[in-house]
Amino acid sequence: MSGGVDSATAAYLLKEAGYEVVGITLLIWAKKDTRNICCGYQAIQDARACAATIKIPHFILDLREDFRKLVVEEFLKEYLSGQTPNPCVLCNQKIKFDKVLEKLTFLFPNQNGYLATGHYARIEDSWLKRAKVLKYDQSYFLYAIKKNNLKKIIFPLGNYSKEQVREIARKAKLVVAEKPKSQEICFIPEKHYAQFLLGFYPDAVKPGPILDKRGKKIGEHKGFIYYTIGQRRKIGIARGKRLYVIKIDPINNAIIVGEEEDAYGKEAIISQLNFFTDLPDGSRVKGKIRHQDKESWAVVNWLGKDRIRILFEESKWAITPGQSAVLYDNDKVLGGGVIC
């Protein structure tokens, strides 16, 4: 129970369906952080109030050390290497659907139970599937769940819309029924990624060259950690046409810029693979390179055992190292990996 309307309603629906439900909220960051964030201090209070309304036990699971090692430190390492990681994918993969399951097995050794969350997705016939209402589908963030763990997970909201969930919460008199969705990453206030990184590595920012796509220096940046692929703002160079970041070169502390058409591409190579099925070389699938990306047809080719190349039939905007590429067969999630 993250403290939001979705997980509280999921708990309520399971209780109404006859399950024996136990509410668990993760403590993964600063205990007294009062922002509207997943698993923050205020979220713990909201989750506790909802558990009381539903009349289920509620516990707090302290995973701050695991979260720091497995999510925050990994995020910092990737950012310093010029990538743009997705910490929500990391958290789902390494904390919510791995460490939590591990801890629950230890805490309830004789219970043959499930882990349920408020994600909008489905698990049917041993497949991870998209939510029925595609507008709210969150399967992109879940592709890295271990295949063997799917049988231990339930997503009660997979067939609902957000509007339906809020209506259920209102009728159940849950205090979070009108609570707005958190728009922040739990450990980075107001999406200030660079400032957060500098708190750990104050010497990480060094000015360097801005290069055009031919390698000619045309300006200077204040630190590559302030930029990401596809970015237009803060380049500060007047060239007649708008310029966009098309590559980050952390080894030479440089960013490369080009015109709008240069920020499009058709090819991505991904590693850190997680698939729910065998994917033969040459498979034609649908794929997306970020949560809000439009799916496109693509052909997959294996590059050895641990990397694949995805060749999209349509050009994609700002294919960004560190983000995840996820592949689909209709509503089934085939798997994915991290763009490298």
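All figures in this text were calculated on a predicted structure; none of them were measured in a lab.
The closest donor-acceptor contact from the side chain of N253 to the backbone of P207 lies under 3.5 Å. A donor-acceptor contact shorter than 3.5 Å is absent between the side chain of R307 and the backbone of S271. The backbone N or O of G335 sits nowhere less than 3.5 Å from a side-chain atom of N274 that would complete a donor-acceptor pair. The backbone N or O of R214 sits less than 3.5 Å from a side-chain atom of D212, completing a donor-acceptor pair. In this structure a side-chain-to-backbone donor-acceptor pair under 3.5 Å is missing from W317 to D293.
Residue K129 holds its NZ atom at 10.0 Å from CG of N330, rounded to the nearest 0.5 Å. With values rounded to the nearest 0.5 angstrom, F196 atom CZ is found 12.0 Å from I225 atom CD1. We find the NZ-CZ distance between K146 and F97 to be 13.5 Å, quoted to the nearest 0.5 Å. Note that the CG atom of L104 and the CG atom of L61 stand 6.5 Å from one another [nearest 0.5 Å]. Atom NZ in K147 sits 12.5 Å away from atom CG in N149 (nearest 0.5 Å). In this structure, L115 CG and K96 NZ are separated by 10.5 Å, a value rounded to the nearest 0.5 Å.
Grouping the Ile, Leu, Val, Met, Phe, Trp and Tyr side chains by contacts below 4.5 angstrom, directly or via other members, places I237 apart from I246. Cluster annotation: L134 and Y120 are assigned to distinct hydrophobic clusters (Ile/Leu/Val/Met/Phe/Trp/Tyr, side-chain heavy-atom contacts under 4.5 Å, transitive). Hydrophobic clustering (side-chain heavy atoms under 4.5 Å, transitive across Ile, Leu, Val, Met, Phe, Trp, Tyr) keeps I269 apart from Y264. Under a hydrophobic clustering in which Ile, Leu, Val, Met, Phe, Trp and Tyr are joined whenever their side-chain heavy atoms come within less than 4.5 Å, directly or via other members, Y114 and Y12 fall into the same cluster. Put simply, L303 and I339 are part of two different groups of oily side chains (I, L, V, M, F, W, Y) that touch within less than 4.5 Å, one to the next.
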Residues I319, I229; criterion side-chain contact (heavy atoms from CB on, under 4.5 Å); working and verdict: CA-CA 7 Å; I319 299 175; I229 306 300; over 6 Å; no
Residue pair E260, R232: steps toward the salt bridge (Lys or Arg N to Asp or Glu O under 4.0 Å) verdict: CA-CA 9 Å; E260 183 176 1; R232 178 173 65 85; over 6 Å; no
I218 and V257: CA distance, side-chain angles, deciding distance, side-chain contact (heavy atoms from CB on, under 4.5 Å) verdict: CA-CA 9 Å; I218 58 175; V257 299; 3.7 Å; yes
Between Y160 and Y136, is the side-chain contact (heavy atoms from CB on, under 4.5 Å) condition met? List the steps. CA-CA 9 Å; Y160 293 89; Y136 300 110; over 6 Å; no
Step by step, work out the side-chain contact (heavy atoms from CB on, under 4.5 Å) result for T105 and K152. CA-CA 11 Å; T105 301; K152 307 172 188 176; 5.6 Å; no
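Salt-bridge check for E259 with K213: failed, with every basic side-chain N at 4.0 Å or more from each acidic carboxylate O. A salt bridge links K162 to D6: at least one charged side-chain nitrogen sits closer than 4.0 Å to a carboxylate oxygen. Note on E73 versus K77: no salt bridge recorded, every NZ/NE/NH1/NH2 to OD/OE distance being 4.0 Å or above.
Here the shortest heavy-atom pairing between G282 and V299 reads O-CG1, 3.9 Å. The shortest non-hydrogen separation linking Q323 to I289 is CB-O, 3.9 Å. Nearest heavy-atom pair across F224 and P250 is CZ-CB, 3.7 Å. A318 and G230 get closest at one heavy-atom pair: CB-CA, 3.9 Å. Taking each heavy atom of A43 and K179 in turn, the nearest pair found is CA-NZ, 4.2 Å. Across every non-hydrogen atom of E267 and R309, the tightest pair is OE2-NE, 3.0 Å.
Residues meeting the side-chain contact (heavy atoms from CB on, under 4.5 Å) test with K171, sequence neighbours left out: E167.
Within 6.0 Å of CG on D278 lie no more than 12 heavy atoms contributed by other residues, nucleotides or ligands. Within 6.0 Å of NZ on K15 lie more than 12 heavy atoms contributed by other residues, nucleotides or ligands. The environment of Y226 atom OH is dense: over 12 non-hydrogen atoms of other residues, nucleotides or ligands sit within 6.0 angstrom. Within a 6.0 Å sphere centred on CD of E261, other residues, nucleotides and ligands contribute more than 12 heavy atoms. Atom NZ of K217 has more than 12 neighbouring heavy atoms from other residues, nucleotides or ligands inside a 6.0 Å radius. In the displayed structure, K247 atom NZ is contacted under 6.0 Å by at most 12 heavy atoms of other residues, nucleotides or ligands.
Two residues are said to be in side-chain contact when any heavy atoms from C-beta on lie closer than 4.5 Å; T117 and S7 fail this criterion. Here the side chains of N92 and H119 are in contact, with some heavy-atom distance below 4.5 Å. At a threshold of 4.5 Å between non-hydrogen side-chain atoms, the residues T25 and H58 count as touching. Contact check for R122 versus F155: no side-chain heavy atoms found under the 4.5 Å cut-off. No side-chain heavy atom of K103 sits under 4.5 Å from any side-chain heavy atom of I24. Side-chain contact between Y19 and I56 is absent, with no heavy atoms from C-beta onward closer than 4.5 Å. Residues L107 and F59 fail the side-chain proximity criterion, which asks for heavy atoms closer than 4.5 Å. Here the side chains of K69 and E65 are in contact, with some heavy-atom distance below 4.5 Å.
Applying the ring pair (Phe, Tyr, Trp, His ring centres under 6.0 Å) test to pairs two or more places apart or on separate chains, those with a residue in residues 274-300 are F141-H291.
Side-chain polar atoms of S139 and Y328 form a donor-acceptor pair below 3.5 angstrom. A side-chain donor from one of T228 and T84 sits under 3.5 Å from a side-chain acceptor of the other.
Screening V333, L150, I123 against I145 for a side-chain contact (heavy atoms from CB on, under 4.5 Å) leaves a single residue, L150.
Taking the six-membered ring for Trp and thresholds of 30 and 60 degrees, Y227 and H221 have ring planes more than 60 degrees apart, a perpendicular arrangement. Note on ring orientation: taking the six-membered ring where Trp is involved, the planes of F67 and F187 are perpendicular (angle over 60°, cut-offs 30° and 60°).
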